[in-house]
Amino acid sequence: LGTIRLEGPLRKGKTSFHMAARRTILDMLTSAFQRRAQTRQGLPLFINYNFDDFNLKLNHIFSPNSRLYFSSYWGNDRFVNQSFDGASPQDKSAVPSKLTRLRWGNRVHALRWTQLIGGRWFVQTILHHSQYQYAYNDLRLAPDLSGDSLKVVQFGNVTRSRLQDWGAKVMVDYYPT
């Protein structure tokens with residue numbers, strides 16, 4: 001897993017940020033082993049999985065009684081499976097006979113403003129958005145030998161879905177002494 005993080009002030013005492021990004025590196029290692037096994041043993045299969053995500057947070061102080069917060073998350077996962085029937089994957093003209101791709105991911109964003117009013121009233125206003133998306137491709141591939149050049153004919157299932165949610169809320173709290 002590769003990770004990078006950055007954080008610090010943008011305006012000293014007023015605005016700060018935090019960023020973090022990650023990505024799997026396991027797929028890079030397994031890809032090398034799979035290609036080696038394909039070369040030595042002619043294995044007709046290639047499988048790959050990876051994910052990445054990104055976080056961002058911003059904070060700003062308008063006054064001791066008023067603050068603004070923003071946060072965001074992006075995450076993606078990917079899975080690929082290729083199989084080769086009757087051909088070696090090293091053969092550059094080999095066409096995968098089956099290709100399965102699965103991708104999914106989330107996005108979440110929030111903006112929150114907090115304010116202290118008169119010492120006893122506390123108000124929070126929140127705007128948020130979230131999204132989930134999903135894509136699944138299960139394809140069968142075959143060479144089209146009807147012409148002079150090699151073309152790939154594909155058929156199979158493709159499924160896509162995307163859900164979104166937008167929202168806003170205001171919360172008011174009173175704290176008696």
- Enumerate the residue pairs fulfilling side chain to side chain donor-acceptor pair (under 3.5 Å) with a member in residues 158-171, sequence neighbours excluded, ordered by first and then second residue. His129-Gln164
- Note on the structure: Residues Leu139 and Asn157: closest non-hydrogen pair is CD2-O, 4.2 Å
- Query: In Å and rounded to the nearest 0.5 Å, what is the OH to CG distance from Tyr49 to Leu102?
  - Reply: 9.5 Å
- Message: With clusters defined by side-chain heavy atoms of hydrophobic residues (ILVMFWY) lying less than 4.5 Å apart, directly or transitively, does Val172 cluster with Tyr174?
- Response: yes
- Message: Quick check for you: to the nearest 0.5 Å, what is the distance between Asn59 atom CG and Leu68 atom CG?
- Response: 8.5 Å
- Query: Rounded to the nearest 0.5 Å, what separation is found between the CH2 atom of Trp74 and the CZ atom of Phe54?
  - Reply: 9.0 Å
- Message: What verdict does the side chain to side chain contact (heavy atoms under 4.5 Å, CB included) test give for Leu99 and Asn137, after you've listed the backbone C-alpha separation in whole Å, the side-chain angles of each residue and the deciding distance to 0.1 Å?
- Response: CA-CA 8 Å; Leu99 175 62; Asn137 301 345; over 6 Å; no
- Would Arg101 and Asp138 pass as an ion pair if we require N to O under 4.0 Å? no
- Message: Nearest 0.5 Å, please: how far is CG in Leu58 from OH in Tyr69?
- Response: 12.5 Å
- Value for CZ (Arg120) from CG (Asp173), rounded to nearest 0.5 Å, stands at 14.5 Å
- Please step through side chain to side chain contact (heavy atoms under 4.5 Å, CB included) for the pair Val80 and Thr100, ending with a clear verdict. CA-CA 6 Å; Val80 175; Thr100 303; over 6 Å; no
Under 3.5 Å donor-acceptor pairs involving side-chain atoms of residues 13-26, not counting sequence neighbours:
| unit_1 | atom_1 | unit_2 | atom_2 | d |
| --- | --- | --- | --- | --- |
| Thr15 | OG1 | His60 | ND1 | 2.5 |
| His18 | ND1 | Glu7 | OE1 | 2.9 |
| Arg22 | NE | Asp53 | OD1 | 3.0 |
| Arg22 | NE | Asp53 | OD2 | 3.2 |
| Arg22 | NH2 | Asp53 | OD2 | 2.6 |
| Arg23 | NH1 | Asp27 | OD1 | 3.0 |
| Arg23 | NH2 | Asp27 | OD2 | 3.2 |
| Thr24 | OG1 | Phe51 | N | 3.1 |

Review item, side-chain donor-acceptor pairs of residues 104-116, under 3.5 Å, at least two apart:
| unit_1 | atom_1 | unit_2 | atom_2 | d |
| --- | --- | --- | --- | --- |
| Arg107 | NH1 | Gly75 | O | 3.4 |
| Arg107 | NH1 | Asn76 | OD1 | 3.2 |
| Arg107 | NH2 | Asn76 | OD1 | 3.3 |
| His109 | ND1 | Ser72 | OG | 2.7 |
| Arg112 | NH1 | Gln124 | OE1 | 3.3 |
| Trp113 | NE1 | Ser66 | OG | 2.8 |

- Using a 4.5 Å cut-off on heavy atoms from C-beta on, say whether the side chain of Phe70 contacts that of Leu56. yes
- Residue pair Met171 / Ile126, side-chain heavy-atom distance below 4.5 Å: yes
